[in-house]
Amino acid sequence: MTDLAHPDRLAKARAMRARGQDPFPPRGVVAEPIAGLIAGGGTVEAPGPRVGHKVTIAGRLGALRDFGKLIFAPVKDVTGTLQIALKRDALEAWWPLRKELDAGDLVGVTGELGRTQKGELTIWASEIKLLTKSYAPPPEKWHGLVDVEARYRHRYVDLWASDGVLEVFKKRSKIVSEVRRFLEAQGYLEVETPVLHPIAGGATARPFITHHNALDCDFYLRIAPELYLKRCIVGGLERVFEIARNFRNEGISTRHNPEFSMLELYEAQADYRRMMEIAETLLEHLARAVNGTTKVTFRGTEYDVKAPFPRERYTELFRRHAACEFDDEPAVRAKARELGLKDPGSYWKLMNDVFEATVEEHLTGPIFVTDYPVQISPLAKQSPDDPRLTERFELFIAGMELGNAFSELNDPEEQERRFREQVATKDPEAPGEVDVDYVQALEYGMPPTAGLGLGIDRIVMVLTNQDSIRDVLLFPALRPIAKEAAAQEPNAPKAT
RNA sequence: GGGCGCGUAGCUCAGUCGGUAGAGCAACUGGCUUUUAACCAGUAGGUCCUAGGUUCGAUCCCUAGCGCGCUCACCA
């Protein structure tokens, strides 16, 4: 047991056992969802119990309001919260045991649905059963858990003790489910591709490294599923998607978690314009499904995610906000100096830094930025009317990148050349070697294909108005508690 | 990794111009049959993040460390 287990609560459980009652009984009760009772509650008139309308609910007990011979308390299940009333004259046999009940206990309650004098829908209990004793007292009743660290570390408390948290994760679940429905309706197959990669490709990011004992070799946790999904297209699957957990060994921020979920989809015979259509209609669909409207408020600003979204060319935006041409190296370098940017080593990275410093703040969105330079798009197909550019776009809302898509490069020779260029940079974020197997896949022939990646976590952030990615992840990455620190951490369960 | 801020009761927070701490809620005892932050009376609860230093004396000042948040950099 940890320090969190309260002596009084342990004593109550012991007393129950001494009488032959199990504080952790083996079965629950058959219960109705509370939301359904609330929805049907309009027909219940005030006040007092409505005879002959017995219902059973199961959930977590909130703060008890004890009037001596009458106790009110809220009970919460995953669908909602409903008040129960425990009256002495309705519970004569149980009444002497009422002090064994604590806030946080899990209970099953049966009784008649009615109202109180104040008109609140209430179950007037004829039976109450402890389903699980809660040894650890819940957080203070009206602040809930406000210490952010405690909220993330003890999400199992935060979910029911803090307002709105459950709602966010229900919406997240709905979003993921609607993504599947939307794509399956368009003939997409959901596939699962490896997380353990021999070469970390498909994006530029530092990977996590792990080791396989039997094979005695290192693997990388995937930084993107891209190259495997395109192998699926070569294999003839034509329309595939994966909701992929990706892992990137980089900084943690309000927009970045070391593991995050990305929707990636690939469609044969499509180009990047088709991907824009999917991205904007999918986002609109998700907003309607989750919020019932395409208007979303995020970080204090209202956005409308109703399709179609405006499109702007990268080169055009560059010209407008950086006041020079993207490939005018002396001018761009001068601009970079003016902005105080440090030289990242390669011109094209520097150019993109200038873009981010000058343009991104203007991308309130939703907006598609299109036609990126080829040098920063190693997997994208060149534009037929300008070989300096690619058929690529990124989707922005609130200056935050939500997605990235392009017509896929399917020329194996050109792909191999770009891989070799990347490897030659010796950039720690570039792949360490050429993915020969992927080049070989292309040699068999990948049909004209377009692909799209959307950050699921960021979409959830926007659609639920959460400022931090941590608030849309059930268990965000945190530094593990050191053994010595664990002894000091006030509300952390200690090792037993 | 850099900058800024925070760490005091189970929870939310005061406070001590340096003299070893207080409120509300939670807990416990008693009262109360319509509350919903219920109320009333009482009781108990603290290595003031850790380690050094300055000082007669440190929870307070200084240094270092640990943890967290915000922010910048890298990225999605």
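A note on names: the letters A, B, ... follow the listed sequences, proteins ahead of strands, and every chain is numbered from 1.
Among the atoms of the strands shown, base atoms are found under 4.0 Å from some heavy atom of A/Asp66. A/Arg255 comes within 4.0 angstrom of a base, heavy atoms only. At a threshold of 4.0 angstrom between heavy atoms, the contacts of A/Lys12 are confined to the sugar-phosphate backbone, with no base atom among them. Base engagement by A/Asn257 is indicated by at least one non-hydrogen atom pair under 4.0 Å involving a base atom.
Between A/Tyr220 and A/His197, the ring centre distance reaches or exceeds 6.0 Å. Between A/Tyr314 and A/Tyr372, the ring centre distance stays below 6.0 Å.
Legend: residues meeting ring pair (Phe, Tyr, Trp, His ring centres under 6.0 Å) with A/Phe368, ordered by chain and number and at least two apart, are A/Phe309, A/Phe393. Partners of A/Glu190 according to the side chain to side chain contact (heavy atoms under 4.5 Å, CB included) rule, which considers only residues two or more places apart in sequence or in another chain, are A/Arg180, A/Glu184, A/Phe241.
Base pairing of B/A23 is made with B/U12, judged by Watson-Crick or G-U wobble geometry with both donor-acceptor distances under 3.5 Å. Shown here, B/G18 forms no base pair; nothing in the strands shown gives a Watson-Crick or G-U wobble contact with both key distances under 3.5 Å. Base pairing of B/C61 is made with B/G53, judged by Watson-Crick or G-U wobble geometry with both donor-acceptor distances under 3.5 Å. Nucleotide B/G42 forms a Watson-Crick or G-U wobble pair with B/C28, both donor-acceptor distances falling under 3.5 Å. Across every strand in view, B/C68 sits in a pair with B/G5 that passes the Watson-Crick or G-U test at under 3.5 angstrom.
When the nearest nucleotides of RNA chain B are assigned to A/Ala73 and A/Lys99 by heavy-atom distance, the more 5′-ward of the two goes with A/Lys99. Closest-nucleotide positions on RNA chain B for A/Thr254 and A/Lys69 were compared, and the one nearer the 5' end corresponds to A/Lys69.
On the C1' atoms, B/U20 is 23 Å away from B/C6, given to the nearest whole Å. Nucleotides B/G45 and B/C28, compared at atom C1', are 10 Å apart to the nearest Å. To the nearest whole angstrom, the two C1' atoms, one in B/U8 and one in B/G2, are 29 Å apart. Rounded to the nearest Å, the gap between the P atom of B/G15 and that of B/C72 is 30 Å. Using atom C1' as the reference point in both B/C61 and B/G19, the two lie 15 Å apart (nearest Å). The gap from the C1' atom of B/G67 to that of B/C49 amounts to 8 Å, rounded to the nearest Å. Taking the C1' atoms as reference points, B/C40 lies 43 Å from B/U50, given to the whole Å. Straight-line distance between the C1' atoms of B/G22 and B/A44: roughly 15 Å, to the nearest whole Å.
Of the candidates B/U36, B/G67, B/U34, B/U36 carries the atom nearest the A/Glu120 side chain, counting heavy atoms from C-beta on. For A/Arg470, whose side chain is taken as the heavy atoms from C-beta onward, the closest listed nucleotide among B/C70, B/A76, B/G67 is B/C70. Distance from the side chain of A/Arg458 is smallest for B/A76 among the nucleotides B/U34, B/A38, B/A76.
Closest non-hydrogen pair, A/Glu32 versus A/Ile57, comes out as O-CG2, 3.9 Å. Scanning both residues, A/Ile34 and A/Leu82, for their nearest heavy atoms gives CG2-CB, 3.7 Å.
No aromatic stack links A/Phe72 and the base of B/A38, using centre distance under 5.5 Å and interplanar angle under 30°.
Heavy-atom distances under 4.0 Å link RNA chain B to A/Gln83, A/Lys87, A/Asp89 of residues 81-92 of chain A, given in residue order.
The aromatic rings of A/Phe67 and A/Phe72 stand perpendicular to each other, their planes meeting at an angle above 60°, with 30° marking the opposite boundary.
Residues A/Arg222 and A/Thr193 have side chains in contact (heavy-atom distance under 4.5 Å, counting atoms from C-beta outward). For the pair A/Glu178/A/Val290, no side-chain contact is recorded, criterion being any heavy-atom separation below 4.5 Å from C-beta on.
Rounded to a whole Å, the CZ atom of A/Phe67 is 12 Å from the P atom of B/C40.
For A/Arg151, no side-chain nitrogen or oxygen approaches OP1 or OP2 of B/C68 to under 4.0 Å.
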